[in-house]
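Order of the sequence lines sets the chain letters (A, B, ...), proteins ahead of strands, with each chain counted from 1. Please read these numbers as outputs of a predicted model, since none were measured by experiment.
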Number of protein chains: 2
Amino acid sequence: MNGENNFFKSAFSVDNVIFGFDDGDLKVLLIKRGAAPFQGLWALPGDLVYPNEDLDTAAYRVLEELTGLKKVYLEQVHTFGSVDRHPLGRVITIAYFSLVKISDFTLMASSFAQNVEWHNVDEAMKSELAFDHNTILETCFNALMHRVRIRPVGFELLPPKFTLTELQHLYEAILSTELDKRNFRKKILSMSLLTDIEEYQEGVPHRPAKLYQFNKERYQQLEAHGFSFEVKESKKKEKKKRLAELIAQ
Amino acid sequence: MNGENNFFKSAFSVDNVIFGFDDGDLKVLLIKRGAAPFQGLWALPGDLVYPNEDLDTAAYRVLEELTGLKKVYLEQVHTFGSVDRHPLGRVITIAYFSLVKISDFTLMASSFAQNVEWHNVDEAMKSELAFDHNTILETCFNALMHRVRIRPVGFELLPPKFTLTELQHLYEAILSTELDKRNFRKKILSMSLLTDIEEYQEGVPHRPAKLYQFNKERYQQLEAHGFSFEVKESKKKEKKKRLAELIAQ
DNA sequence: GGTTCTTAGTGTTTAAATTACAGCATTTTA
DNA sequence: TAAAATGCTGTAATTTAAACACTAAGAACC
């Protein structure tokens, strides 16, 4: 925080970690900064919150301006406010993550088309982003990993009709793990949250898979009755072995 | 947001939901407001964040000024920023919860002694608090319920030496549930996170219980090896019955 | 000193959930 | 019609969770 700009005493912004899922890959939408500070680096989309604007509204606005999408999953995650996180003054930022269906929009619609890109999440986390956006991205990714295990939000990243294999790949990408196909299907189907629409994939060079839809009404119904969604990671064997050794001293 | 005070354009504050546990009861520390707005109502302790102060630092400061305690568990939960949440201007607030051992301090040390009180959490949630503090309290209580199930933070609310029954009562108070004594003890002890210090309660009018200490080093060791703490609520019978009916249509 | 009161402490059986694991089925393409 | 690719299915073994009731120890009272 230097004194360069006295007018700019303190402000708050929102930053949005927009996740998408494409071809087995978890992605995040980044913008290349055209101006200082951090010119040329990739950054999370965000903006200052207007004086008469609620925080969530600001987050939705950023998202809509960038993608044209209105009805998307959005969740506040954490607020970052280190004194020196913004080189031009005191700006705290409220971080959100949102989940969008990549197929729902073309980035070209945006005026910054050239400077907006989907990045693989792992690679984005390893590369240098503007401001403290590496920290924000990591925090939001962890939040997503956590959410996806206890709420059926993964569907927000898939097209309305999807196959069980696509759903499994989604979970595997987010949780960085491998899941057993049979057990996964058994578990998911036993929740009766998916509607079998009696349709099949088309144009695939192999046996086409059944398509399913997420049944949101059903979920809300079940949830109201105490049902709790939960997907676990696997790979417990090694962990347990190590643990057993440890306990045995 | 009215124009009464133009200087006060926008600011950010921290509010702290300070939980304590006493005699089987989960409590929250509230301050009675001495001045408008909301004069006479109970409110969460909080303060504006200084221009050169990090958010967490501000939260710790509020806590220390009020209780004299420095090393306490503190966690950011959510940021509240409705345009009209503060009648004097735009103030967004970052909410924290902290867990303190009530026995560690006397409120009398504080200058506002008379206006600071521990309130039963359930009652506080039902009563009218200043600003949007009902919402904040509820959000933080939910966050606590959640945290306590997946991280061993409950110990922060107990004295260093405690009995298994006290620990169970703590969980029952936070999760609003009843736990089976034998299953609870079996589960907790099987985690080998407690040190049996070979001491017993004194001055109780019945058979004295063994005292235990939480072994933090052990926990960190286990955690690093993939161990995951988890305490579940009980009462699944009714839920499952209802669920079964529902699935059967 | 013994009876009563109160909380501490302990194991087993049953049910449910999770895990591991492999081969046949269906479609497209060559 | 053979090969390639992915879809799809069930059972047995293990682990975890759930239900449940009596004896033990000390304090208080008579």
Side-chain angles (χ1 to χ4, degrees), chain A residues 23-24 149-150 161-172 175 177-192 194 196-212 226-241 243-244 247, chain B residues 23-24 149-150 161-172 175 177-192 194 196-212 226-241 243-244 247:
Chain A
D23 198 27
R149 286 178 44 163
I150 57 175
K161 300 174 181 180
F162 50 85
T163 69
L164 291 178
T165 301
E166 283 166 352
L167 185 62
Q168 183 179 340
H169 288 338
L170 172 65
Y171 275 98
E172 290 177 336
L175 301 176
T177 188
E178 284 191 15
L179 300 169
D180 179 272
K181 199 202 309 203
R182 279 180 289 192
N183 294 337
F184 179 80
R185 293 162 100 94
K186 208 187 312 169
K187 174 143 198 172
I188 292 289
L189 290 175
S190 77
M191 292 177 178
S192 57
L194 299 187
D196 176 352
I197 51 174
E198 307 274 334
E199 287 180 44
Y200 292 84
Q201 280 184 311
E202 284 174 20
V204 289
H206 53 76
R207 174 176 176 182
K210 254 191 185 174
L211 294 172
Y212 290 85
F227 167 81
S228 123
F229 182 90
E230 195 152 335
V231 180
K232 296 218 174 141
E233 20 172 1
S234 191
K235 288 191 179 173
K236 287 202 173 169
K237 264 195 291 192
E238 305 136 53
K239 283 186 186 175
K240 280 199 183 161
K241 222 183 292 170
L243 192 64
I247 289 181
Chain B
D23 197 28
R149 287 178 44 164
I150 57 175
K161 299 173 183 181
F162 51 84
T163 69
L164 290 179
T165 301
E166 284 165 353
L167 185 62
Q168 183 180 338
H169 288 341
L170 172 65
Y171 275 98
E172 290 176 336
L175 301 177
T177 189
E178 284 192 15
L179 300 169
D180 178 272
K181 195 192 336 189
R182 279 180 289 191
N183 292 337
F184 180 79
R185 293 161 101 94
K186 209 186 311 167
K187 174 143 197 174
I188 293 289
L189 290 176
S190 77
M191 293 178 179
S192 58
L194 299 187
D196 175 353
I197 51 174
E198 305 274 334
E199 286 180 46
Y200 293 83
Q201 280 184 310
E202 284 176 19
V204 288
H206 54 76
R207 174 177 177 182
K210 256 191 184 174
L211 295 172
Y212 290 86
F227 166 82
S228 123
F229 181 90
E230 194 153 334
V231 180
K232 296 221 174 140
E233 18 172 3
S234 192
K235 289 191 179 173
K236 287 203 173 169
K237 263 195 292 191
E238 306 136 52
K239 283 186 187 175
K240 280 199 184 161
K241 221 183 294 172
L243 191 65
I247 289 180

Problem set entry | Closest-nucleotide ordering on DNA chain D, the 5'-leading residue of A:Ala209 and B:Val204 | A:Ala209
Exercise. To the nearest Å, how far apart are A:Ile188 CD1 and C:dA17 C1'?
Worked result: 15 Å
Problem set entry | B:Lys210 side chain vs B:Leu164 backbone, donor-acceptor pair below 3.5 Å | no
Exercise. Hey, does the side-chain of B:Arg182 have a donor or acceptor N/O within less than 3.5 Å of a partner on the base of D:dC20?
Worked result: yes
Exercise. Between B:Lys181 (side chain) and B:Thr165 (backbone), is there a donor-acceptor pair under 3.5 Å?
Worked result: no
For this session: Verify the contact: side-chain N or O of A:Thr165 to OP1 or OP2 of D:dG7, cut-off strictly under 4.0 Å; return yes or no.
Result: yes
For this session: Grab the CZ-C1' distance between B:Phe184 and C:dG9 for me, whole Å please.
Result: 14 Å
Exercise. Expressed in angstrom and rounded to an integer, what is the separation of A:Asn183 atom CG from C:dA22 atom C1'?
Worked result: 13 Å
Exercise. Heavy-atom distance under 4.5 Å between the side chains of A:Arg149 and A:Leu175, does that happen here?
Worked result: yes
Exercise. For the pair made of CD in A:Glu166 and P in D:dC8, what is the distance, rounded to whole Å?
Worked result: 11 Å
For this session: Step by step, work out the side-chain contact (heavy atoms from CB on, under 4.5 Å) result for B:Tyr212 and B:Ile197.
Result: CA-CA 6 Å; B:Tyr212 290 86; B:Ile197 51 174; 6.0 Å; no
Problem set entry | Distance in Å, B:Arg185 CZ paired with B:Asn183 CG, rounded so as to fall on 0.5 Å steps | 11.5 Å
Seminar exercise, completed: Taken to the nearest whole Å, CG/B:Asp180 to C1'/C:dG11 is 12 Å
Exercise. D:dC8 P sits how many Å from A:His206 NE2, rounded?
Worked result: 10 Å
Exercise. So, does the side chain of B:Lys181 form a donor-acceptor pair with the base of C:dG9 at under 3.5 Å?
Worked result: yes
Problem set entry | Contact under 4.0 Å: A:Arg207 side-chain N or O vs C:dT28 OP1/OP2 | no
Exercise. Taking OP1 and OP2 of D:dA17, is either one under 4.0 Å from a side-chain nitrogen or oxygen of B:Lys187?
Worked result: yes
For this session: Please state whether the base of C:dT12 and the side chain of B:Lys186 form at least one donor-acceptor pair under 3.5 Å?
Result: yes
For this session: Take atom CG of A:Asp196 and atom C1' of D:dC8, then tell me their distance rounded to the nearest Å.
Result: 13 Å
Exercise. Between B:Tyr200 (OH) and D:dA27 (P), how many Å, whole number?
Worked result: 14 Å
